[in-house]
Amino acid sequence: MKRVVVPRYGGPEVLTLVEEDQPVPGHGEVCVRVLASGVSFTDSLLRAGTYPGGPKPPFTPGYEFAGIVQRVGPGCSTLQPGDHVAALVVWGGYAEMVCVRESLAIKVPDDVDPAALVSVIFPYMTAYQLIHRAARAEPGETALYHGAAGRVGVALLELAEPARLRVYGTAATSDCALVERLGGVPIDYTTEDFLTRMRALNGGGVDVAFDGIGGPMSMRSYRALRRGGRLVLFGHYSTLARGRRSWLGMTKFYGSGAAAMTAGLISPSRRVTTYRIAKLRDRHPDWFRDDLSELIRLLREGRVHPVIAERMPLTDARRAHEVLQSTASQGKIVLVP
C-alpha cells in the first residue's frame, strides 16, 4: 500500500510518498481501506511542527478519513468487514489503508459521499461543537468569528441558522459577499476595525467570540465581549508564516493566549475557554457520535452543504498542501487513494 510521510518538519516539499506492506490490525483495532482523506489547515500545522502535542517525524499526516472496514483485530465487538466508517485520528489519514482503534471508527451510512463525510467530521464538527459544546450558545445570541470565509467559518455560518445565532464574520473584501450570502454580517478587515464595530452594538459587544487565529487577535477578541460574554480560543493560524513555522508567531500566540486566559480568570463577567476537537472527542465520545449523527441528518436534509474544492489522488499530497491556503474559501480538498 501507499502512504504519505513527513520525514522532517517543513513546508509542502517535505511530503514524501512511500510504499510498504499493508498494516495488520492489533488488539481492539480495525483496518480500514480509505476512500477519502481530508486535507486541512491543521495538517499543515502538523507538517510544520507547530501543532500542540503533534507527532515527531517521521509520521503520516491526515486528520480525518472515511472508508470501509477490511479486517478486524482481536477484541473488536462492534464493527465488521464491509462497514462504512469515518474517523478523526489527528494524524495518519493520508494512506490507502489505516489501522485505527475500533472506538474511533464511527459507523456511517454507506450512501453518503466519503468526501462529504470528511468535510463533516472535521470542519462541520468543529463548528457545531464550538457553538453547542464550547460556547453553549443560546438562540438569539450574537457571535464574532474571525476568517468567516474559511472552511470552519463557512460551516459555522451554515450551522448558525438552525442554532438561531447571529454571526458577525471578519473577511477579506473579496469574501464579504460569501459571508453575507450565508446569513452572516460581514466585516471587511481591510477597511474596518472589528473591535470598534462590536463595541458599538447594544450591550457593548457580542455574547460569544470564536478566535481561531491567535496572537494579538485573542486579547482584541476578549475586549469585543459584552458583560457575560465568552471567548473560545481554538486555532493556531498565527503560528505559521508562508506555510512554515514562525517562531515570532508562536511567541505571540502563546503570550497573547495566556494573557486572554488570565483576563478571563480575573474578570467576574467574562469567560475564556479553549476548544480542541480531539480532546473533547476523548473526554466525551458519546457527544462526538451524537454530534456526527446530527450533522449527517442535516447533510441529508440539505441544511448544510459541504463544498469539495478538489479531489486529488494520494500521490498529489504535496500539491494539495501547496494550494491549501488559496482554496480556503472554495471548500475542502480531498485526497482519494
Side-chain angles (χ1 to χ4, degrees), residues 28-30 32 34-43 45-46 51-55 61-69 72 75-80 83-93 98-110 112-137 151-156 158-160 162-163 165 210 212 232-236 273-301 303-304 306 332 334:
E29 291 184 334
V30 296
V32 180
V34 177
L35 299 178
S37 296
V39 179
S40 68
F41 179 74
T42 307
D43 294 338
L45 297 174
L46 288 161
Y51 187 80
Y63 215 93
E64 75 274 32
F65 68 86
I68 302 174
V69 175
V72 300
C76 292
S77 59
T78 304
L79 297 174
Q80 58 186 4
D83 285 342
H84 286 243
V85 296
L88 187 84
V89 288
V90 185
W91 62 85
V98 176
C99 286
V100 62
R101 295 202 316 268
E102 185 186 36
S103 60
L104 295 182
I106 302 175
K107 190 173 180 179
V108 294
D110 59 9
V112 180
D113 180 2
L117 281 171
V118 296
S119 295
V120 165
I121 201 169
F122 191 15
Y124 278 81
M125 178 70 77
T126 298
Y128 186 89
Q129 292 193 329
L130 283 173
I131 293 172
H132 297 283
R133 303 297 187 183
R136 297 183 181 179
R151 296 170 188 85
V152 176
V154 166
L156 188 134
E158 285 202 312
L159 291 168
L165 189 67
F210 300 109
V232 182
L233 305 175
F234 72 96
H236 309 81
T273 61
T274 60
Y275 167 79
R276 287 180 65 185
I277 188 171
K279 283 193 172 182
L280 194 65
R281 174 207 62 188
D282 293 340
R283 291 173 186 164
H284 300 283
D286 53 329
W287 288 2
F288 198 85
R289 291 175 182 274
D290 291 347
D291 295 348
L292 181 58
S293 295
E294 174 64 10
L295 288 168
I296 291 175
R297 183 185 70 82
L298 293 172
L299 177 67
R300 283 178 149 168
E301 292 179 357
R303 301 184 71 180
V304 296
K332 184 82 168 175
V334 179

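Start at 1 with the first residue, then count along the sequence. Note that the coordinates shown come from a computational prediction; the quantities given were computed from them, not determined experimentally.
For the pair Val32 and Ile68, the minimum side-chain heavy-atom distance is 4.5 Å or more. A 4.5 Å side-chain heavy-atom check between Leu292 and Val108 finds at least one atom pair inside the cut-off. The shortest distance between side-chain heavy atoms of Pro114 and His84 does not fall below 4.5 Å. The shortest distance between side-chain heavy atoms of Leu117 and Asp113 does not fall below 4.5 Å. By the 4.5 Å heavy-atom criterion applied to side chains, Met125 and Leu88 are not counted as neighbours. Side chains of Arg283 and Phe288 form no contact here, defined as non-hydrogen atoms less than 4.5 Å apart. At least one side-chain heavy atom of Val30 sits under 4.5 Å from a side-chain heavy atom of Cys76. Residues Leu46 and Tyr63 have side chains in contact (heavy-atom distance under 4.5 Å, counting atoms from C-beta outward).
Atom CD1 of Ile121 and atom CD1 of Ile296 lie 8.0 Å apart (nearest 0.5 Å). Note that CD1 of Ile277 is 3.5 Å distant from OG1 of Thr126, once rounded to the nearest 0.5 Å. Atom CD1 of Ile106 sits about 11.5 Å away from atom OG1 of Thr78, to the nearest 0.5 Å. Note that CD1 of Ile131 and CG of Leu156 are 4.0 Å apart. Values are rounded to the nearest 0.5 Å. Considering CG of Leu130 and CZ of Arg136, their distance stands at 13.5 Å, rounded to 0.5 Å.
Here Val89 pairs with Phe65, Ala87, Val100 under the side-chain contact (heavy atoms from CB on, under 4.5 Å) rule; sequence neighbours left out. The side-chain contact (heavy atoms from CB on, under 4.5 Å) test applied to Arg303 returns Glu161, Pro162, Leu298, Glu301, not counting sequence neighbours.
Within 6.0 Å of atom CZ in Arg133, more than 12 heavy atoms from other residues, nucleotides or ligands are found, so the atom counts as buried in its surroundings.
Judged by a 6.0 Å distance limit and a 45° cone about the ring axis, Arg151 is not positioned over the six-membered ring of Phe122. Trp287 does not carry Arg281 over the face of its six-membered ring by the limits of under 6.0 Å from the centre and within 45° of the normal.
Taking all atoms of both residues into account, the shortest heavy-atom contact from Val120 to Pro306 is CG2-CG, 4.0 Å. The shortest heavy-atom contact between Gly54 and Trp91 is CA-CZ3, 4.2 Å. Here the shortest heavy-atom pairing between Asp43 and Gly38 reads OD2-O, 3.4 Å. Residues Val118 and Ala66 come closest through the heavy atom pair CG1-N, 3.6 Å. Closest of all the heavy-atom pairs between Cys99 and Glu29 is CB-OE1, 3.9 Å. Between Ala116 and Leu299, the shortest heavy-atom contact is CB-CD2, 4.3 Å.
Remark: the Tyr275 side chain and the Gln129 side chain contain an N/O donor-acceptor pair separated by less than 3.5 Å.
Residue pairs meeting the salt bridge (Lys or Arg N to Asp or Glu O under 4.0 Å) criterion with at least one member in residues 83-92, sequence neighbours excluded: Asp83-Lys107.
Side-chain atoms of Glu64 do not come within 3.5 Å of backbone N or O of Ser37 as any donor-acceptor pair.
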Give the C-alpha distance, both sets of side-chain angles, the deciding distance and a yes or no for salt bridge (charged side-chain N to carboxylate O under 4.0 Å, His left out) between Arg289 and Glu294. CA-CA 9 Å; Arg289 291 175 182 274; Glu294 174 64 10; over 6 Å; no
ring-ring contact (aromatic ring centres under 6.0 Å, His included) assessment of Tyr128 paired with His132: CA-CA 6 Å; Tyr128 186 89; His132 297 283; 4.4 Å; yes
Test side chain to side chain contact (heavy atoms under 4.5 Å, CB included) applied to Leu104 and Arg101, step by step: CA-CA 5 Å; Leu104 295 182; Arg101 295 202 316 268; 3.7 Å; yes
